[in-house]
Colleague: 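Just dropping this structure here.
All residue numbers refer to positions in the sequence shown, counting from 1. Heavy-atom basis, side chains included; hydrogens, waters and symmetry copies ignored. Given the structure is predicted, the values throughout are model-derived calculations rather than measurements.
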Amino acid sequence: MADYKKDEKEKVAPWVEDINELVTRRQWKRLLTATFVLKLLSECNSYGNRLEKDIFARTHNTYKPNPNELYPVLRLLEDKGFVKSQWDSPDKRSRRIYTITTRGRQAIPYMIEQVLGWLNDFDALISTVREEFAD
C-alpha cells in the first residue's frame, strides 16, 4: 500500500473502509465507475451527463455507465463524503454539479490500486479461459 496508513501504528485511513466495502462485496463495476468519477472530478467539477460522456471517451468508447449505475454511485460518493454537490442554479433544478472533497482526492490512489488488482485477476481469468477453449 502506498500512503494509506495514517501513522506508524498502522492506523488505516478512514476512507479505506468505505472503499473496501465495494471491494469485498465484489461490486467492481461500481468501484470502476466511482474511480473514474473521482479521477475526473479531481481535474474539474462536473455533472452526471458530462461524467458519463467523459468516462465513455476515456475508455475509448468501451464503457459507458448508464444513469441507473452512475447516479447511485454519485449518491454513494456524496453520502460517504468523497464528493459534494449543488444545483448550478438555485432557482431551478437544471444540473447538479459535483465537486471532489479532500477525502475523495485522498482515496483516488487506493481506488486505482484496487481496480488494477481486479483487472490483473481478470486478465489471468481471460487467459486461462482462452487457453481452455482454443482450438
Colleague: Given L38, which partner from the list M111, Q106, R105 fulfils the side-chain contact (heavy atoms from CB on, under 4.5 Å) test?
Modeller: M111
Colleague: Which heavy atom of I55 sits nearest a heavy atom of P65, and at what distance?
Modeller: CG2-CD, 3.7 Å
Colleague: Within the structure provided, determine whether E69 and R30 are in side-chain contact (heavy-atom separation under 4.5 Å).
Modeller: no
Colleague: Enter the distance from W118:CH2 to L32:CG here, rounded to the nearest 0.5 Å.
Modeller: 5.5 Å
Colleague: Which residues end up grouped with F56 if you chain together Ile, Leu, Val, Met, Phe, Trp and Tyr wherever their side-chain heavy atoms are less than 4.5 Å apart?
Modeller: none
Colleague: Determine the minimum heavy-atom distance between V83 and Y98, stating which atoms define it.
Modeller: CG2-CD2, 4.1 Å
Colleague: Whether D54 and R50 form a salt bridge (side-chain N of Lys/Arg under 4.0 Å from carboxylate O of Asp/Glu) is what I want to check.
Modeller: yes
Colleague: Can you tell me how far the CD1 atom of I100 sits from the CD atom of E43, to the nearest 0.5 Å?
Modeller: 10.0 Å
Colleague: Would you please classify the geometry between the F36 ring and the Y63 ring as parallel, tilted or perpendicular, with 30° and 60° separating the classes?
Modeller: tilted
Colleague: Give me the atom names and distance for the closest heavy-atom approach of S42 to I108.
Modeller: CB-CD1, 3.8 Å
Colleague: Spell out, yes or no, whether Y110 and V115 are grouped together once hydrophobic residues are joined by side-chain heavy atoms under 4.5 Å, including indirect joins.
Modeller: yes
Colleague: Check this for me, if you would: do K64 and E52 make a salt bridge, where the nitrogen-to-carboxylate-oxygen distance has to be below 4.0 angstrom?
Modeller: yes
Colleague: Can you confirm whether R103 is buried at CZ, in the sense that more than 12 heavy atoms of other residues, nucleotides or ligands lie under 6.0 Å from that atom?
Modeller: yes
Colleague: Do you know which two heavy atoms are closest between W28 and Q114, and how far apart they sit?
Modeller: CZ3-O, 3.8 Å
Colleague: Taking the side chain as every heavy atom from C-beta outward, state whether L41 and L51 have any atom pair closer than 4.5 Å.
Modeller: yes
Colleague: For the CG atom of L40 and the NZ atom of K53, what is their distance to the nearest 0.5 Å?
Modeller: 14.0 Å
Colleague: Below 4.5 Å, heavy atoms only, C-beta onward: do I112 and L116 meet side chain to side chain?
Modeller: yes
Colleague: What residues, two or more places apart in sequence or in another chain, satisfy side-chain hydrogen bond (donor to acceptor under 3.5 Å, both in side chains) together with S85?
Modeller: E78, R96
Colleague: Can you name the residues that form a salt bridge (charged side-chain N to carboxylate O under 4.0 Å, His left out) with K80, not counting sequence neighbours?
Modeller: D18, E21
Colleague: Which heavy atom of S94 sits nearest a heavy atom of S89, and at what distance?
Modeller: OG-CB, 4.1 Å
Colleague: Indicate yes or no: at least one non-hydrogen side-chain atom of L77 is less than 4.5 angstrom from one of V37.
Modeller: yes
Colleague: Atom OG1 in T101, atom CZ in F82: separation rounded to 0.5 Å?
Modeller: 7.5 Å
Colleague: Measure the OG1-CG distance between T33 and L76 for me, rounded to the nearest 0.5 Å.
Modeller: 11.0 Å
Colleague: Rounded at 0.5 Å granularity, tell me how far CD1 in I97 sits from CG in N45.
Modeller: 7.5 Å
